[in-house]
*Asks:* 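This is the structure I want to talk about, given as structure tokens.
Reminder, nothing fancy here: chain letters follow the sequence lines and each chain counts from 1.
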Amino acid sequence: MATPLVVSEVSKSFIMHLRDGLRLPVVANVSFSVASGECVVLGGPSGIGKSSILKMLYGNYAVDAGQILIEHKDRIIDIASADPRSVLEVRRATLGYVSQFLRTVPRVATIDVVAEPLVARGIAAEQARERAAELLEKLNLPRDLWQLPPATFSGGEQQRVNIARGFITDHRILLLDEPTASLDAANRAVVVEMIRAKKAAGVALLGIFHDEEVREAVADRILDVSQFSPRKAAA
Amino acid sequence: MTQEVSQYSGLASYNFAYLDEQTKRMIRRAILKAIAIPGYQVPFASREMPMPYGWGTGGVQVTASIIGQEDVLKVIDQGADDTTNAVSIRAFFQKVANVAVTTHTRDATIIQTRHRIPEEKLQENQVLVYQVPIPEPLRFLEPRETETRKMHALEEYGLMHVKLYEDIAKNGRIATTYAYPVKVAGRYVMDPSPTPKFDNPKMHMSEALQLFGAGREKRIYAVPPFTEVVSLDFEDHPFEIQTFDKPCALCGAEQVYLDEVILDDKGGRMFVCSDTDHCEERREHGHVGHLGVAKEAAE
Amino acid sequence: MSDTPLLKVRDLSKFYGKRIGCANVAFELWPGEVLAIVGESGSGKTTLLNCLSTRLMPTTGSVEYHMRDGGYRDLYHMSEAERRFLMRTDWGFVHQNPADGLRMTVSAGANVGERLMAIGNRHYGNIRNTASDWLERVEISTDRIDDQPRAFSGGMRQRLQIARNLVTGPRLVFMDEPTGGLDVSVQARLLDLVRGLVNDLGLSAIVVTHDLAVARLLSHRMMVMKDGYVIEQGLTDRVLDDPREPYTQLLVSSILQV
């Protein structure tokens, strides 16, 4: 399908019960779509809700209203109302997410962390590790780190592990939250290349990039999230 | 040899065989139930007997409930008719039941035994009554009665094999040599009483009825004639009986259970038949072991 | 992914007179899914676990299990024999205190082999080899196979308990605070082991814990309980990252950041 991701009239607020029910609106009436092979960048000032949108799309945050329609295999799943099992299935097969921070599991070697999404899809461990090795090589992660758990890596190293893990499958939709924030110029270029390759393969990408250069290089269009800000609506 | 017992008759203060008829009825019901469910421990209201717990009260109660005027009773203790306990119990029944007694296995209709099965193959008209200290084969692994009853009810016998596994892990082989657990009629696991494992095969498909009485623990169980009794084991550590490398010193019998007898304080010992009747019989028929003397004319 | 739930729970409640143990719990559990039941002391989580695992008779409601033969059976319409058999073969139960789930005076090998012997395995050599394999899998040195758990550390005992439960290839494992009382480094190792085994064996698990980090690491879904009621449930990362209910927000905010 040409537009694997459609977001329709999504709204969200946080209600902070620990602060006497203080209501913090996040976004209102978010509507947009991302086509296959397209890279849409979420723009806007810090705190406007860009990360929150990605998290809602991934099912990590709940939504108050609206629909998040993902084309999964041959069905349309609404992440906003799907049961946990369906969301997990979508994450496993269709929807990938490169988060800002790497949450590590103790004792698992980097190469296995990266290979895991393939193994979860039923690929044999050896094959998955080979693929992981290719990506880590491309991202210039030193070989002698591959057998170590990434918990003690530097920010930039962890980010590259995260990226490798996110890019290793053939998920049709990828959500990228600041994937290049801690990387040097050389590695930023590698990531840009990888994003271009995904676009060419028909993957729909939605990302947040603070780095202007990267944004210029990959964005097909920029979506200003300020238009969905409830504070603006109030103004 | 059969003895006349007329001098003991006439003590009217005891009911026949000591127990009152209601008690006998209760015990007979327990026995019937036990026969109907081979290997299952039937609780019964064990009575006060004129001997303390640990001296065969269970066996005595079973015998007292089934014995009739026509019966011929043999009592053995570790295979011998002439040890104190065997003699006392035999005399007890002579006094309270006025029955004929014997030391010949073949002539007895009821054989009460502590810890051995006679070598002589038992016949259809015979009853073997075992004295049992602890009837529950799982007791030492699982002290809770509530749990062991459930395990029997639900046929959960994994624990029994755990014990055998431990034996092999510790000793290289199953080290249990007496009170070796058996599975009866393919269903209940039973403790055969502290008979040597050598005797276990005799329980299998016996023509005689086997009854087990535990007085202190208040349980009766039974193995009807021609019942399958299989000793527990592992496929790669099959059940084996003890073997003796020398025959009986007195009568030369082989493949019988032997007792060790210390002869002097210099370490001299001999091995003789545990079953005294069996040994005597053989010697009467002219068999002689290397320490035996040829039998003189019968007394 | 399978289409049939392994466990269907409807309207499950346990009352002690007027006091609520747990109330109106309903959910489904699928093969390969790990569900965490989280709450503080007195939340009803242990009561719920016991009602689910047939250790406690509920007051109302039903727990249906998908048997290997394909049909669903209501656990409380089964005979005790059937329930106990299920407990020994298709299910596991990992106690918080490993001594409750082990035979302390019997060797490690026998502890692991017991279930095999209970279902009719009669080959000593095979039983011992299987036990040895499992000790290796739970990272206990195989030369401890003849040692008693009395001589093991807490972490080792817990790993032995896990091996003992998994040896018959159960499809559903209940865990009651599996890392409770263990040192932090030991906890990490144990959780990692459990995670690995659950993945490798495609187990379903229901894990009761008060430790949100354990829930985060092990579970796909989470139920938060308070005063006997399930007040919030959903995808684990959603509940932890975007808690909606006041109590859940309180719980999440109370975790000490290291």
*Asks:* Please determine, among C:Met117, C:Arg88, C:Glu80, C:Arg122, the option with the most heavy-atom pairs under 4.5 Å with chain B.
*Replies:* C:Arg122
*Asks:* Do you know which of B:Glu156, B:His237, B:Glu155 has the most heavy-atom pairs with chain C at a distance under 4.5 angstrom?
*Replies:* B:Glu156
*Asks:* Going by an N to O cut-off under 4.0 Å, is there a salt bridge joining B:Arg116 and B:Asp199?
*Replies:* yes
*Asks:* What part of B:Tyr165 is in contact with chain C, defined as an atom under 4.5 angstrom from a non-hydrogen atom: side chain, backbone, both or neither?
*Replies:* both
*Asks:* Could you tell me which of C:Ser107, C:Ala118, C:Gly125, C:Ala81 has the largest number of non-hydrogen atom pairs under 4.5 Å with chain B?
*Replies:* C:Ser107
*Asks:* If you compare all heavy atoms of C:Cys22 against all heavy atoms of C:Gly44, which two are closest, and at what distance to 0.1 Å?
*Replies:* CB-O, 4.2 Å
*Asks:* Going by an N to O cut-off under 4.0 Å, is there a salt bridge joining C:Arg73 and C:Glu82?
*Replies:* yes
*Asks:* Under the criterion side chain to side chain donor-acceptor pair (under 3.5 Å), I'd like the reasoning laid out for B:His204 against B:Glu228: C-alpha separation, chi angles, the key distance, then a yes or no.
*Replies:* CA-CA 5 Å; B:His204 177 65; B:Glu228 281 195 356; 5.7 Å; no
*Asks:* Measure distances from C:Arg103 to the heavy atoms of chain B and classify the residue's part below 4.5 Å as side chain, backbone, both or neither.
*Replies:* side chain
*Asks:* For the pair B:Arg139 and B:Glu145, find out whether any cationic side-chain nitrogen is under 4.0 Å from an anionic carboxylate oxygen.
*Replies:* yes
